[in-house]
Protein chains: 2
Amino acid sequence: MKKRNYKEIVRELKERGYTLSMARIAILRYVMKENAHYTAEEIYKDLKHEYPTLSIATVYNTLKLLSKEGYIQQIMIDPNKVIYDSTLGVHPHFYCKICGKIEDISSDLTVSVNREMDGNRVDEVHIYVYGICKDCLRKEKEGNKGLRIN
Amino acid sequence: MKKRNYKEIVRELKERGYTLSMARIAILRYVMKENAHYTAEEIYKDLKHEYPTLSIATVYNTLKLLSKEGYIQQIMIDPNKVIYDSTLGVHPHFYCKICGKIEDISSDLTVSVNREMDGNRVDEVHIYVYGICKDCLRKEKEGNKGLRIN
DNA sequence: GTTTATGCAAAAGTTTTGCAAACTA
DNA sequence: TAGTTTGCAAAACTTTTGCATAAAC
């Protein structure tokens with residue numbers, strides 16, 4: 001899964017007629033980081049230090065723009081919030097029901113996707129895997145050992 | 001994908017110690033319908049006619065209970081709301097980006113799921129397919145024909 | 001009769017909107 | 001300078017919570 005350079009994207013967005021403000025560039029850079037899975041709120045809080053005038057509305061606007069233009073994906077694995085992911089293509093996400101952690105998973109899941117399904121045109125496929133992550137599994141086991149529950 | 005009888009589920013829930021109120025039974029019956037993909041709001045509005053004292057809080061409580069007990073799934077394909085589906089097992093959903101319709105899709109997508117991935121324990125897998133449905137595709141084509149756009 | 005769920009209204013949380021001011025090209 | 005975008009604050013939504021009342025067993 002190749003990551004694109006943010007400068008390249010800035011150039012493309014200009015070509016498409018967008019105004020590239022400081023806020024937009026900052027948000028783009030932030031979200032293009034490796035293995036980044038951020039909520040709008042997280043992006044806002046972090047960038048607020050660097051850009052004190054930044055507003056949450058701008059974060060939402062920019063994320064929507066970047067989704068629309070196909071540079072990031074909205075990941076809806078958590079029913080309570082949308083997270084944004086700049087790794088493109090079909091790649092499964094894992095959500096830990098205990099700690100809420102979200103991560104990309106690599107292995108053991110094979111998907112074959114067609115461009116058309118039941119007459120519908122397919123643009124994107126999201127795969128969300130729910131369960132308990134290895135850290136929480138370990139903690140559970142240790143907890144049981146120490147406290148002799150069950 | 002076999003659908004279960006709601007009376008059977010009522011019996012099971014009683015066995016598990018739940019109080020089966022009229023509201024819960026009504027919501028359960030509603031959501032067990034064939035190919036049902038409802039939001040809490042839709043369920044509330046529809047049942048409000050039959051049960052004028054019903055409150056939205058009860059709908060949410062009951063849906064949460066039914067999810068927890070494994071009788072329905074929360075489908076998070078639409079970033080703006082959660083829909084509830086009583087068809088169980090891994091089965092892909094399709095979301096039309098134009099009309100917002102959600103439907104089960106049957107064909108052309110193969111998934112093999114393991115009980116463990118990267119050391120994490122897997123309980124559930126959701127597959128969401130985004131695109132344009134056949135009805136909207138047809139309308140788009142007809143619209144272009146009539147109006148000579150492009 | 002005791003326990004549990006309901007209904008109400010208010011709260012909490014996320015996302016969107018409208019508009020004057022600021023910024024970009 | 002013309003045209004966009006921003007920031008603010010308020011609004012719009014969805015979902016949750018607390019508690020007295022009502023219903024279930």
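Protein chains get the first letters and strands the later ones, always in sequence-line order, with residue 1 at the start of each.
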- Query: Looking at B:Tyr44, B:Tyr38, B:Tyr84, B:Tyr51, which hits ring-ring contact (aromatic ring centres under 6.0 Å, His included) with B:Tyr30?
  - Reply: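 Checked B:Tyr44, B:Tyr38, B:Tyr84, B:Tyr51 against B:Tyr30; only one passes ring-ring contact (aromatic ring centres under 6.0 Å, His included): B:Tyr38.
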- Query: Reckon A:Ala23 touches a base, only the sugar-phosphate, or nothing at all at heavy-atom distances under 4.0 Å?
  - Reply: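 A:Ala23: backbone/sugar contact only, no base atoms under 4.0 Å.
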- At under 4.0 Å between heavy atoms, what does A:Ile56 touch on the DNA or RNA strands: base, sugar-phosphate, or nothing?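 The answer is nothing, as A:Ile56 stays clear of every strand by at least 4.0 Å.
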Output the single nucleotide from [options] whose closest atom is nearest the side chain of [X].
| X | options | result |
| --- | --- | --- |
| B:Asn61 | C:dA5, C:dT24, D:dT17 | D:dT17 |
| B:Ser21 | C:dA5, C:dG7, D:dT14 | C:dA5 |
| B:Ser55 | C:dT24, C:dT4, C:dG7 | C:dG7 |
| A:Met22 | C:dT24, D:dT16, D:dC25 | C:dT24 |
| B:Thr19 | D:dT6, C:dA25, C:dA5 | C:dA5 |
| A:Ala57 | D:dT17, C:dT6, D:dC8 | D:dC8 |
| A:Thr58 | C:dG7, D:dT6, C:dT16 | D:dT6 |
| A:Leu20 | C:dA25, C:dA5, C:dT16 | C:dA25 |
| A:Val82 | D:dG7, D:dT6, C:dT15 | C:dT15 |

Could you give the [atom1]-to-[atom2] distance, from [X] to [N], as a whole number of Å?
| X | N | atom1 | atom2 | value |
| --- | --- | --- | --- | --- |
| B:Glu42 | D:dT14 | CD | P | 10 Å |
| A:Lys64 | C:dT14 | NZ | P | 17 Å |
| A:Tyr18 | D:dG3 | OH | P | 19 Å |
| A:Tyr44 | C:dT16 | OH | C1' | 15 Å |
| A:Leu63 | D:dT5 | CG | C1' | 15 Å |
| A:Asp78 | C:dG13 | CG | P | 14 Å |
| B:Lys81 | D:dT15 | NZ | P | 9 Å |
| A:Leu13 | C:dT24 | CG | P | 16 Å |

- Query: Which value, rounded to the nearest 0.5 Å, describes the distance between A:Ile75 atom CD1 and A:Thr39 atom OG1?
  - Reply: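 Result: 13.5 Å between the selected atoms.
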- Task: For B:Tyr51 and for B:Gly17, locate the closest nucleotide of DNA chain C by heavy-atom distance; then report the residue assigned to the nucleotide nearer the 5' terminus.
- Result: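 The residue whose closest nucleotide sits nearer the 5' end is B:Gly17.
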- D:dT15 phosphate, OP1 or OP2, under 4.0 Å from B:Tyr60 side-chain N/O: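 True: B:Tyr60 side-chain N/O within range (under 4.0 Å) of D:dT15 OP1/OP2.
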- Is B:Met32 reachable from B:Leu47 through a run of I, L, V, M, F, W or Y residues, each pair having side-chain heavy atoms under 4.5 Å apart?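 Yes, one cluster joins them.
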Decide whether [X] and [Y] meet the rule of one side-chain donor and one side-chain acceptor closer than 3.5 Å.
| X | Y | answer |
| --- | --- | --- |
| A:His93 | A:Tyr95 | no |
| B:Asp85 | B:Gln74 | no |
| A:Glu124 | B:Tyr128 | no |

